[in-house]
Amino acid sequence: MQVYYFSRTGRSKAIADQLASRYHTAARVIDDHKNWKGKGNYMKAAIMALMGKAIPADYTEPDISDEIIVVFPLWAGTMPPGIKTFVNTVGKENITAVITSLGSTMKRRDGFKKVIDLVGEDITAPDNEELGIV
Ligand SMILES: Cc1cc2nc3c(=O)[nH]c(=O)nc-3n(C[C@H](O)[C@H](O)[C@H](O)COP(=O)(O)O)c2cc1C
């Protein structure tokens with residue numbers, strides 16, 4: 001089990017940490033080396049996501065023969081740009097996406113192994129059944 005995350009305000013990281021500890025592993029960060037904090041950067045983040053941009057991201061290489069869970073926030077109805085890079089490289093079909101958001105869900109969701117939406121202020125980590133793990 002490999003649990004990856006990208007997180008701006010910590011919600012996705014908290015879910016990734018819960019999942020990782022359930023599987024006795026450590027959550028791995030997908031790091032785009034950008035500062036997304038603050039209002040100006042929020043706008044930048046939304047615009048980049050809307051444009052469908054992919055930007056370089058560093059992460060520990062996953063083993064695609066093992067389960068890969070990626071926890072990330074929904075940005076403007078889609079993936080943050082560093083996540084887009086990870087997904088393009090690793091392959092949607094190899095990824096269970098766990099997407100945190102405040103009110104809506106990801107629009108283009110075809111091709112992922114599985115997509116789980118964690119919507120709203122109070123979110124909890126999905127159980128093994130939801131993840132499709134027996
Ligand atoms: C640039 C940006 C765009 C967002 N767009 C949406 C959206 O389209 N729908 C939604 O429900 N929440 C949206 N959100 C809220 C985040 O998805 C939500 O707060 C998320 O759980 C934050 O996760 P994090 O703490 O891991 O960064 C957006 C947040 C940011 C920063």
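These numbers come from the heavy atoms of this one structure, side chains and all, not from hydrogens, waters or symmetry mates. For ligands, and for the atoms within them, numbers begin at 1 and follow the listed sequence.
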Quiz item: Between atom CH2 of Trp75 and atom CE of Met48, what is the distance when rounded to the nearest 0.5 Å?
Solution: 8.5 Å

Practice problem: State the CE-CG distance between Met79 and Leu74, to the nearest 0.5 angstrom. | Solution: 10.0 Å

Self-check item: Test of proximity, Ala45 against ligand 1: N or O pairs below 3.5 Å
Solution: no

Quiz item: Is the closest N or O pair between Lys13 and ligand 1 shorter than 3.5 Å?
Solution: no

Self-check item: Protein residue, atom and distance nearest to atom 5 (N) of ligand 1, heavy-atom basis
Solution: Ala76 N, 2.9 Å

Quiz item: So how far is it from Lys84 NZ to Phe72 CZ, rounded to the nearest 0.5 Å?
Solution: 11.0 Å

Quiz item: Which residue holds the protein heavy atom closest to atom 11 (O) of ligand 1, what is that atom called, and what is the gap in Å?
Solution: Gly103 N, 2.7 Å

Quiz item: Rounded to the nearest 0.5 Å, how far does CG of Asp58 lie from NE2 of His33?
Solution: 3.5 Å

Practice problem: Considering only non-hydrogen protein atoms, determine which one is nearest to atom 25 (O) of ligand 1 and report residue, atom name and distance to 0.1 Å. | Solution: Thr9 OG1, 2.3 Å

Quiz prompt | Protein contact of atom 12 (N) of ligand 1 - nearest heavy atom, named by residue and atom, plus distance | solution = Leu102 N, 3.4 Å

Quiz item: Could you give the distance from OG1 (Thr25) to CD (Gln2), rounded to the nearest 0.5 Å?
Solution: 8.0 Å

Quiz prompt | Protein heavy-atom partner closest to atom 31 (C) of ligand 1 - residue, atom, separation in Å | solution = Tyr42 CE1, 3.3 Å

Self-check item: Residue and atom name of the nearest protein heavy atom (relative to atom 10 (C) of ligand 1), distance in Å to one decimal
Solution: Ser104 OG, 3.4 Å

Show me the donor-acceptor pairs within less than 3.5 Å that the side chains of residues 127-134 make with the rest of the protein, sequence neighbours left out.
from, atom 1, to, atom 2, distance (Å)
Asp127, OD1, Glu129, N, 3.2
Asp127, OD1, Glu130, N, 2.8
Asn128, OD1, Arg22, NH1, 3.0
Asn128, OD1, Tyr23, OH, 2.6
Glu130, OE1, Asp127, N, 3.0

Quiz item: Just how far is it from atom CD1 of Ile116 to atom CD1 of Ile69, taken to the nearest 0.5 Å?
Solution: 7.5 Å

Self-check item: ligand 1 N/O within reach of Gly77 N/O, cut-off under 3.5 Å
Solution: yes

Quiz item: What atoms in ligand 1 come closer than 4.0 Å to a heavy atom of Ala46?
Solution: 1 (C)

Exercise. Considering only non-hydrogen protein atoms, determine which one is nearest to atom 20 (C) of ligand 1 and report residue, atom name and distance to 0.1 Å.
Key: Thr100 OG1, 3.4 Å

Self-check item: Identity and separation of the nearest protein heavy atom to atom 28 (C) of ligand 1
Solution: Leu74 O, 3.3 Å

Quiz item: N/O to N/O below 3.5 Å, does that happen between Trp75 and ligand 1?
Solution: no

Quiz prompt | Member of Thr96, Val87, Ile99 meeting the side chain to side chain contact (heavy atoms under 4.5 Å, CB included) criterion with Phe112 | solution = Val87

Exercise. Give a yes or no on whether the backbone of Arg8 and the side-chain of Lys37 come within a donor-acceptor separation of less than 3.5 Å.
Key: yes

